Amino acid sequence: MPSPEFVKIASWHNPADAEHAKAVLNWNGIDAFIEGADLKTSLSYIGSALGDVKLIVRSEDSKRAQRLLDELSREARDPINGPWFCGECEEVIEPGFDMCWSCGQPREEVEAPFPEVADLATESDGSDPRDPANASLPESASVDETNPYAPPTVQAMFEKIEAEDEPTSQEEAEDLITQSANAAVLGILIPLFGTLYSLFLLFAALRLSWNFSSRTRYLIFQSLAVNFVVSSIWLALLWLFSLM
Ligand SMILES: [Zn+2]
């Protein structure tokens, strides 16, 4: 059997688009491979100066693959068969889904227009709105809180980013446990203080969450073990001193 020949049939700037196309081809029984995605993802901050992400198929599949990709790009431009936006959870839903995969609600109830970035050029104080020095955030009062389909303003988008940056109580607890494990080791150098501080952090963490990864559970165990060993050593030393 001759070894199959491979041909490049398409390329994308965005690795996610290539992954999507690959998934569609795989679904249709065509083996497709992506070339350049890892490099592109890890170096994406360099921008599109790097080569594109290529999709490769066996040459015998190339005609059928090309047809499927043509269909795919036609669908993407089609407003009915293209992707749609869920106003409820602000997710872009792949074409073909009549239900939001995130909130599970039907399309006709939650579909909303795609959000647009607030247009700063509408500010009409006579200054050039493209000059960053003249750019101003819209008044938060102008955000219509009652309309869930209102496009997010710059202000609202900043609020969203801040909200996402806030650590969850789970992450906070895991941080505290890491600190507790470190403080336990500190107890070797600063006997009573390090140990008590470590136990305090552990207690604070367990008040926040009880649901931890195995790594964090290991850290809890490590913190307790180190605290136990360190306290034992210091108590034994104190006892020896009291005998002298
Ligand atoms: Zn949704």
Side-chain angles (χ1 to χ4, degrees), residues 10-30 32 34 37-38 40-42 44-45 47-48 52-53 55 65 67-122 135 137-175 208-214 216:
S11 62
W12 289 266
H13 279 298
N14 182 355
D17 291 338
E19 286 288 348
H20 181 212
K22 180 187 164 204
V24 170
L25 293 187
N26 287 349
W27 180 253
N28 284 281
I30 295 174
I34 282 176
D38 292 341
K40 176 87 175 169
T41 310
S42 53
S44 57
Y45 53 87
S48 50
D52 289 336
V53 182
L55 196 63
R67 254 201 320 277
L68 285 164
L69 291 184
D70 286 347
E71 218 169 282
L72 192 66
S73 68
R74 242 197 330 275
E75 271 178 12
R77 282 192 299 270
D78 184 335
I80 293 161
N81 295 321
W84 54 281
F85 182 73
C86 172
E88 199 66 32
C89 44
E90 304 187 338
E91 292 289 353
V92 176
I93 314 299
E94 294 284 313
F97 287 91
D98 290 331
M99 234 185 213
C100 169
W101 55 262
S102 178
C103 66
Q105 299 193 66
R107 179 177 182 172
E108 56 264 33
E109 277 176 33
V110 291
E111 185 176 13
F114 280 90
E116 284 160 32
V117 176
D119 191 0
L120 291 175
T122 52
L137 295 177
E139 297 292 317
S140 53
S142 72
V143 179
D144 184 0
E145 306 274 54
T146 58
N147 179 6
Y149 300 155
T153 60
V154 171
Q155 178 85 46
M157 288 170 83
F158 272 110
E159 276 165 12
K160 184 135 190 287
I161 289 165
E162 272 166 20
E164 278 170 359
D165 278 346
E166 245 169 64
T168 61
S169 62
Q170 170 90 23
E171 285 165 344
E172 227 170 289
E174 287 185 7
D175 269 357
L208 287 173
S209 175
W210 273 95
N211 190 14
F212 295 117
S213 63
S214 57
T216 314

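Atoms within a ligand are numbered from 1 in the order they appear, just like the ligands themselves. Remember, it's a predicted structure, so these values are computed and weren't measured experimentally.
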Please report the C-alpha distance between Ser102 and Cys86 in whole Å, then the side-chain angles of each, then the deciding distance to 0.1 Å, and finally whether the side-chain contact (heavy atoms from CB on, under 4.5 Å) criterion is met. CA-CA 9 Å; Ser102 178; Cys86 172; over 6 Å; no

Output, in order, the C-alpha distance, side-chain angles, deciding distance and verdict of side-chain contact (heavy atoms from CB on, under 4.5 Å) for His20 and Leu72. CA-CA 10 Å; His20 181 212; Leu72 192 66; 4.2 Å; yes

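- Residues satisfying the side chain to side chain contact (heavy atoms under 4.5 Å, CB included) criterion with Ala18, sequence neighbours excluded, are Trp12, Ile34, Val53.
- Checked against side chain to side chain donor-acceptor pair (under 3.5 Å), Ser213 has the following partners two or more places apart in sequence or in another chain: Thr216.
- Counting only protein N, O or S atoms, the number found under 2.8 Å from the Zn ion (ligand 1) is 4.
- Side chain of Trp84 to main chain of Phe97: a donor-acceptor pair is present (N/O by atom type, distance under 3.5 Å, no hydrogens or angles).
- Under the rule for a ring-ring contact (aromatic ring centres under 6.0 Å, His included), the partners of Phe85 that lie at least two apart in sequence or sit in another chain are Phe114.
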